[in-house]
Amino acid sequence: MSASPSKASDSFSLLDERIQRWIWQSGWSELKDAQEQAIPAILAGDTDVVIAAATASGKTEAAFLPILTRLLSTEASSCVMYISPLKALINDQWWRLEGLCESLEIPVTPWHGDIAGTKKRNFKKSPTGCLLITPESLEALLMANGHALQGLFGGLRYLVVDELHAFIGTERGKQLQSLMHRIDRALKRFTPRIALSATLGDMDKAAAFLRPNAAVPATVIKSNDAGQALKVLVKGFIDYPLALADPEAWVGDDADFEKSLSQGTRAISEHLFKTLRGSNNLVFPNSRGNVEKYAALLRGYCEDLGLPNEFWPHHGSLAKDVREETEAALKAKGRPATAVCTTTLEMGIDIGSVKSIAQIGCAPSVASLRQRLGRSGRRGEAAILRCYALEAALAPHSPLSDVLRENLVQSTAQVRLSLRSWYEPPNIGGLHLSTLIQQLLALIAQYGGINAADAWAVLCGSGVFLGVPKQDFILLLRELAKKDILIQTPTGLLLHGRVGEQLVNHYSFYAAFAAEEEFRLVHGGKTLGALPLSQPVEKGTHLIFAGKRWQVLSLDIEKKVIAVMPALGGKLPKFDGGNLPVDDGVREEMRQILSETLPIPFLDSTANQLLQEARATFQSMGLDSLPLLAQTHCVQLFPWRGDRVMNTLALMLKQAGFQAENTGLSIIIKTDNPEKVFEALHGLAVSPPPDPTALVAEVMNKRLEKWDALLPAELLAKNYSSHTLDVAGAHEFIKRLAARRHSPR
DNA sequence: GACCTGCTGCGGTTTG
């Protein structure tokens with residue numbers, strides 16, 4: 001037996017004797033920093049607690065050591081509810097907690113869709129100990145046991161939310177907030193909420209998310225444990241694409257597959273093979289299609305050399321047993337394995353630590369990049385990140401985004417920001433009215449009918465939909481009644497309508513999010529394929545599909561069909577890296593990188609050379625001093641702001657009568673008279689900020705979330721603009737631009 | 001040309 005935690009720890013002495021004994025037996029020499037800090041705060045039980053600490057720094061124990069101490073000291077029927085975004089995480093935590101709880105005679109009950117009904121019935125008979133549950137299962141539990149919640153959770157002492165960052169700013173997060181609020185209401189008291197995460201950019205916003213009405217103070221704990229050392233390299237590659245007449249022709253045998261690969265893709269995969277072979281690693285190429293492509297290439301190299309395969313794919317469309325095979329390969333000792341994966345392996349599942357991370361193209365966000373990096377670095381060793389930036393070979397009429405090396409510059413910006421521990425601040429201003437509809441229907445089930453005024457008070461007045469005034473709520477009730485979702489009895493009670501009954505009685509109701517729907521692209525009666533829509537689409541909007549450029553003719557929201565025609569003239573702009581929404585902070589850092597002159601130490605020689613060329617263009621075009629560029633038939637505007645500002649600017653210019661489009665780096669405004677654009681911008685600068693609802697009037701695809709189709713038009717517009725626009729940011733940009741009184745060159 | 005997450009109750013069959 002090793003020595004007890006020797007540093008005369010006050011926190012250690014606060015723990016139950018039996019837990020102290022378990023700590024000795026586990027051979028811990030001391031408590032970790034997050035644990036030292038969390039134990040007194042959680043035992044006090046009079047505040048919420050947010051714990052931010054790196055992976056493997058004992059977050060789970062920081063929460064559960066004091067919580068179990070508390071359960072042991074109170075009456076036998078007390079319990080704690082642990083809420084997780086993943087079933088896999090519940091299964092992992094169950095194994096970890098069982099070891100400790102068995103000796104304490106505290107039961108641990110996992111509860112999610114794969115758990116047998118008998119286990120759930122047993123917990124309901126004796127609701128004590130640790131309940132590990134998903135938001136969806138908790139929703140089902142509240143709806144089916146509304147009358148018995150006081151009896152079930154009378155002994156509830158704490159709510160624990162794991163991986164808090166995975167919930168913030170999402171419709172599922174809104175549901176989680178509402179579930180916790182409904183528990184407080186049912187028990188007529190508050191229960192302390194404990195949140196755990198490794199990548200919280202803004203601790204105050206995290207605490208505000210954990211309890212939106214701020215009725216209870218929050219204790220914020222940031223671990224002082226030194227983070228792991230990082231080794232970072234950004235590699236540049238020039239891509240020489242193949243001149244393919246018909247991409248369909250390349251769906252064929254292996255030889256065709258090989259031929260269909262661009263030179264850059266092959267260069268990257270050869271470098272991956274050389275560098276990663278012999279150790280465990282994760283490769284993130286951003287899409288399921290790319291996962292398949294790189295996994296097949298790397299596996300092929302192993303076969304060619306007669307070596308056992310070391311490369312395994314992992315993504316959400318793969319069958320469960322295929323995914324488990326990859327996870328098993330990563331966990332197996334003595335045999336190296338690298339997973340090529342999507343965000344499925346970004347968090348949660350225990351795969352052991354890996355030696356390095358490879359990121360192909362830009363990561364979807366800085367926070368995501370950091371989360372991926374956290375999976376690398378064995379005990380004491382540095383975490384290693386290699387970013388691969390693929391840039392197009394330039395031609396006489398290459399688009400400016402290629403010339404300015406958008407991919408490379410964005411990757412570099414993401415790395416610099418993550419080294420500073422900067423993460424995108426979450427947009428906690430999104431209304432998520434889709435989830436309001438779900439929660440209203442759930443409340444009716446939970447209470448067996450509810451008065452309209454009470455429903456507003458629970459959900460909006462005291463609850464988590466604080467931005468919804470009474471008149472909007474009434475508007476929503478009327479619309480839902482019109483659609484047979486709700487009925488109101490003569491006594492004023494809200495009940496499910498005929499259609500609402502069907503919604504609520506299907507098991508798919510419990511999830512706040514929907515499986516992604518795709519739109520079918522049609523040209524002249526022929527289907528070109530299907531794609532999900534994440535950008536605003538209006539008549540005339542340009543789309544890239546199947547390697548060609550199209551213009552939208554019409555959009556049928558019910559049938560999910562977009563009619564298009566070929567766009568006229570011009571070269572295809574290249575939207576490499578996707579159209580993922582980029583934050584203000586990332587675009588500002590990109591501008592900064594382009595305006596500097598010194599080489600960047602973590603870029604390889606190719607990347608630095610590409611960057612120097614881009615910087616030269618940036619200077620010669622005067623983009624450093626003037627964000628407006630007059631060209632033939634158009635003006636290009638470079639605000640260096642995030643996509644919410646860019647979307648807003650494009651819509652404001654459209655309202656002023658121009659044809660304007662957000663292309664990511666710039667807004668392209670069609671005109672033969674640049675002076676007119678400048679006059680319009682001056683006009684917008686001296687006008688008050690526009691009404692966001694009016695701005696999106698012409699946007700045809702305003703449905704973002706699961707039940708948005710049930711919203712009245714006015715609320716749908718409000719909801720859409722709250723998620724996609726930044727009117728204040730756009731207006732401020734235009735005012736600053738106009739104040740400079742330059743005219744376009 | 002993003003990506004990911006989650007799901008009840010019941011009836012039938014099989015197994016201990």
Side-chain angles (χ1 to χ4, degrees), chain A residues 83-90 111-118 120-121 133-145 162-163 165-173 175-176 179 247 284-293 314-318 320 323 340-349 359-365 367-369 371-372 390 407 435 438 442 445 503-516 518-519 521 528-535 542-550 572-582 643 664 705-706:
Chain A
I83 305 173
S84 155
L86 299 176
K87 290 189 290 190
L89 209 52
I90 286 177
W111 183 315
H112 57 64
D114 300 343
I115 300 292
T118 47
K120 298 175 182 173
R121 278 191 288 276
I133 196 166
T134 60
E136 289 75 19
S137 283
L138 179 55
E139 183 68 80
L141 186 56
L142 294 191
M143 284 172 67
N145 301 279
D162 205 355
E163 306 283 10
H165 64 272
F167 289 111
I168 300 182
T170 70
E171 58 207 315
R172 201 180 184 202
Q175 178 186 28
L176 170 68
L179 289 166
F284 291 94
N286 287 353
S287 72
R288 285 173 283 206
N290 278 342
V291 165
E292 294 296 341
K293 187 168 75 180
H314 197 281
H315 61 72
S317 300
L318 288 173
K320 201 179 171 194
R323 289 164 66 162
V340 186
C341 57
T342 57
T343 47
T344 43
L345 288 183
E346 194 171 290
M347 94 185 158
I349 317 164
Q359 172 66 49
I360 303 177
C362 300
S365 67
S368 165
L369 183 68
Q371 194 78 27
R372 292 169 182 189
L390 195 53
N407 301 321
T435 306
Q438 182 207 29
L503 279 182
V504 168
N505 286 339
H506 194 264
Y507 66 85
S508 62
F509 176 79
Y510 305 116
F513 57 89
E516 193 167 38
E518 294 190 321
F519 281 71
L521 244 69
L528 301 166
L531 84 172
L533 278 193
S534 55
Q535 295 170 284
H542 289 94
L543 295 168
I544 306 291
F545 194 77
K548 293 186 184 129
R549 191 173 191 191
W550 307 90
L572 301 184
K574 204 171 174 213
F575 292 102
D576 221 12
N579 298 317
L580 315 178
V582 176
D643 278 314
E705 298 182 341
K706 190 170 177 182

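Scope of the values below: all heavy atoms of this structure, side chains included, with no hydrogens, waters or symmetry mates. Residue numbering restarts at 1 for every chain, and letters A, B, ... go by the order of the sequence lines.
The side-chain hydrogen bond (donor to acceptor under 3.5 Å, both in side chains) check on A/Thr342 picks up A/Thr344, with sequence neighbours excluded. Every residue two or more places apart in sequence or in another chain that forms a side-chain hydrogen bond (donor to acceptor under 3.5 Å, both in side chains) with A/Gln359 is listed here: A/Asn286, A/Arg372. Remark: A/Phe509 pairs with A/Trp707 by the ring pair (Phe, Tyr, Trp, His ring centres under 6.0 Å) rule, at least two apart or across chains. Take A/Lys706 and apply the side-chain hydrogen bond (donor to acceptor under 3.5 Å, both in side chains) test, not counting sequence neighbours, and it matches no residue. Partners of A/Arg172 by side-chain hydrogen bond (donor to acceptor under 3.5 Å, both in side chains), not counting sequence neighbours, listed by chain and number: A/Glu136.
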Report all interatomic pairs (protein N or O, nucleotide N or O of nucleotides 14-16 of chain B) with separations under 3.5 Å.
none

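With B/dT8, B/dT5, B/dC4 as the candidates, the nucleotide lying closest to the side chain of A/Thr343 is B/dC4. Listed candidates were B/dG6, B/dT8, B/dA2. Nearest to the side chain of A/Ala140 is B/dT8. Checked against B/dT5, B/dA2, B/dT8, the side chain of A/Pro364 finds its nearest nucleotide in B/dA2. Set against B/dT8, B/dG6, B/dT5, the side chain of A/Ala511 has B/dG6 as its closest nucleotide.
Nucleic acid contact for A/Ser368: none, since no nucleic acid atom lies under 4.0 Å from a heavy atom of the residue.
Under the stacking criterion of a centre-to-centre distance below 5.5 angstrom and an interplanar angle below 30°, A/Phe513 sits stacked against the six-membered ring of B/dT5. In this structure, A/Tyr507 packs face-to-face on the six-membered ring of B/dT8, meeting both the 5.5 Å centre cutoff and the 30° plane limit.
Side-chain N/O atoms of A/Ser368 and A/Glu346 include a donor and acceptor closer than 3.5 Å.
The 5' end of DNA chain B is approached more closely, in terms of each residue's nearest nucleotide, by A/Asn290 than by the other of A/Asn290 and A/Asp114.
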